[in-house]
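Just so it is clear: chains get the letters A, B, ... in the order the sequence lines come, proteins before strands, and each one is counted from 1.
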There are 2 protein chains.
Amino acid sequence: MSLDLSVDRSSPVPLYFQLAQQLEAAIEHGALTPGSLLGNEIELAARLGLSRPTVRQAIQSLVDKGLLVRRRGVGTQVVHSKVRRPLELSSLFDDLEAAGQRPATKVLVNTVVPATAEIAAALSVAEDSDVHRVERLRLTHGEPMAYMCNYLPPGLLDLDTGQLEVTGLYRLMRAVGITLHSARQSIGARAATAGEADRLGEDEGAPLLTMERTTFDDTGRAVEFGTHTYRPSRYSFEFQLLVRS
Amino acid sequence: MSLDLSVDRSSPVPLYFQLAQQLEAAIEHGALTPGSLLGNEIELAARLGLSRPTVRQAIQSLVDKGLLVRRRGVGTQVVHSKVRRPLELSSLFDDLEAAGQRPATKVLVNTVVPATAEIAAALSVAEDSDVHRVERLRLTHGEPMAYMCNYLPPGLLDLDTGQLEVTGLYRLMRAVGITLHSARQSIGARAATAGEADRLGEDEGAPLLTMERTTFDDTGRAVEFGTHTYRPSRYSFEFQLLVRS
DNA sequence: TCAATCCGTATGTCCGGACAATCGGACTGC
DNA sequence: GCAGTCCGATTGTCCGGACATACGGATTGA
């Protein structure tokens, strides 16, 4: 059994991170079965030639991911359930691509407009000041799945329509050095208006899933505000929550 | 400015936790303004008579909460935005109570039924084996807001109808020593059926917000499976996401 | 037979120190 | 004026050790 764990001290990758990756791989791969004990930290550290704090840091990162559970006086064991997909701030595009859906994007509008009161408040800019407005339609298998309207403060990045059609908004932001930090999100439902129904290929009054989101970078600056509508027959929000303890 | 931080070494509360609480309070209270530097760890440790690892542990916990951002070579600063409510696994009851809504609960059904295939799969029990079934209506201001149908494996806890009407399901679980760990969740929308419309006081075909959830304890055992429907005019899911980096 | 106590074990907390990596500004050279 | 370089500041990583705390089983006692 006892897994061939090893670390490469000449690597620039932190030792605790190397260990964490190997443990995670072992769990994923099934070498560490759910419910099994991990063996005590002291001995594990000795076996790897690491100090206990380093081993603890590796284990802690997996505990934070929900893969392991520690019990004082007992040990550390692999969580039994199939925890896999923690909720993260990812773009719809990345989500779909990861699911192998090969999403297509159609940019309907890519322009600059004066900010309404709502948008100005969300982005912390002056009312009527210029903001980017991007309207996109996301399709899977040739069928519309979501209508997305996003606003961005000016000067943040130049939105190239061509790029927006082949990748996601978040990826473009990261590419220009914006460090995403957090997002405030609201998920609801409502009946489709005539315009929405038309865009998404639904009937007027049909139920739609809605999402509103404001995203902040690590300086606290709002970098994006968006209102999205989804066809509930083709999309739902799936995620896993961890209890913060 | 320089905040009167102090720790009580005779307290059973861990030192890093005391410090984290004080820092969080200072941020909340405004004593530490957004964007301001926190001062280097070494000096902070010296000032408090703590070691640097302890100070780092305190700071790290706030970084994990999204309140602080560290930058190598620069320092640690307070996040600018109003991060407040990270997404956590809380019950609807607790959410509403925290919002001062004084929720009321009406237990419609509290019985034991044989598990259907779907429920058996979610709870990892044998098909047709006995499971608890609880149907509840959640009301705010005398108006129905959500219809909740939950299933629990047998022998976990005895569901008292009276208790279910004055507190939430999760609180009852915690009270009997169940450590909630994670939940798999799915949020969608659909048109109300005649029965749903009737229960919630909506019209048939009206859009409803739906949520399905399976909750696991820290041994990986499924402890609850529920399907909920919400009136979108009275409820939406609001939360804050952090980028895991 | 059952309950209370003891004890080994493993994690939780904390210390003090060392060196590396990175950021940003100051300085220098072209 | 501008680009490249140097350097101080600060966090990131890692070590080895110490004691506290809690869990669970074994032992002990009623």
Side-chain angles (χ1 to χ4, degrees), chain A residues 5-23 35-64 67-79 177-179 181 217-219 245, chain B residues 5-23 35-64 67-79 177-179 181 217-219 245:
Chain A
L5 297 168
S6 62
V7 293
D8 175 10
R9 298 195 90 94
S10 67
S11 163
V13 178
L15 300 179
Y16 78 90
F17 194 79
Q18 291 183 38
L19 177 54
Q21 279 185 316
Q22 290 182 36
L23 289 175
S36 64
L37 273 301
L38 201 58
N40 73 47
E41 300 169 349
I42 314 273
E43 193 236 338
L44 187 55
R47 183 143 63 93
L48 288 165
L50 296 174
S51 70
R52 192 180 158 213
T54 301
V55 172
R56 275 183 68 79
Q57 192 172 1
I59 292 176
Q60 188 58 48
S61 70
L62 297 183
V63 171
D64 292 340
L67 293 174
L68 298 177
V69 179
R70 320 175 88 140
R71 293 171 190 274
R72 190 191 307 218
V74 179
T76 304
Q77 46 186 320
V78 180
V79 153
I178 296 173
T179 313
H181 176 264
D217 72 359
D218 58 359
T219 69
S245 48
Chain B
L5 298 168
S6 62
V7 293
D8 175 11
R9 298 195 90 95
S10 67
S11 163
V13 179
L15 300 179
Y16 79 90
F17 195 78
Q18 292 184 37
L19 177 54
Q21 279 184 316
Q22 290 182 35
L23 290 174
S36 65
L37 274 301
L38 201 58
N40 74 48
E41 300 168 349
I42 314 274
E43 193 237 337
L44 186 56
R47 184 144 63 91
L48 288 166
L50 296 173
S51 70
R52 191 180 159 215
T54 302
V55 172
R56 276 184 67 80
Q57 194 173 359
I59 292 177
Q60 188 58 47
S61 71
L62 297 183
V63 171
D64 291 340
L67 294 173
L68 298 176
V69 178
R70 320 176 89 140
R71 292 172 193 274
R72 188 190 299 213
V74 179
T76 304
Q77 47 187 321
V78 180
V79 151
I178 297 173
T179 312
H181 176 264
D217 73 358
D218 59 0
T219 69
S245 49

Please name all residues satisfying salt bridge (Lys or Arg N to Asp or Glu O under 4.0 Å) with A:Arg71, sequence neighbours left out, ordered by chain then number. B:Asp218

Can you name the residues that form a side-chain contact (heavy atoms from CB on, under 4.5 Å) with A:Leu37, not counting sequence neighbours? A:Gln77

State which residues pass side-chain contact (heavy atoms from CB on, under 4.5 Å) with A:Glu43; sequence neighbours excluded, sorted by chain then number. A:Asn40, A:Arg47

Pairs under 3.5 Å (N/O, protein and nucleotides 8-12 of chain D):
residue	atom	partner	partner atom	Å
D:dT10	OP2	B:Asn40	ND2	3.1
D:dT10	O2	B:Gly73	N	3.1
D:dT11	OP2	B:Glu41	N	2.9
D:dG12	OP2	B:Arg56	NH1	2.8
D:dG12	OP2	B:Arg56	NH2	3.1
D:dG12	OP2	B:Arg70	NE	2.8
D:dG12	OP2	B:Arg70	NH2	3.4
D:dG12	O4'	B:Arg72	NH2	3.2
D:dG12	N7	B:Arg52	NH2	2.9
D:dG12	O6	B:Arg52	NH1	3.2

Boundaries of the chain B footprint along DNA chain C (any atom under 4.0 Å from a heavy atom): C:dT13 to C:dG24

Result for 5'-nearest mapping on DNA chain D, choosing between B:Pro12 and A:Leu50, is A:Leu50

All pairs passing side-chain hydrogen bond (donor to acceptor under 3.5 Å, both in side chains) where residues 10-19 of chain A contributes a residue, at least two apart: A:Asp8-A:Ser10

Which pairs count as salt bridge (Lys or Arg N to Asp or Glu O under 4.0 Å) when at least one residue sits in residues 55-64 of chain B, sequence neighbours excluded? B:Glu41-B:Arg56

If I compare all heavy atoms of A:Ile59 with all of A:Thr76, which pair ends up nearest, and what's the gap? CG2-CG2, 4.0 Å

By side-chain hydrogen bond (donor to acceptor under 3.5 Å, both in side chains), A:Ser51 pairs with (sequence neighbours left out) A:Thr54

Separation of B:Leu62 CG from B:Leu68 CG (nearest 0.5 Å): 5.0 Å

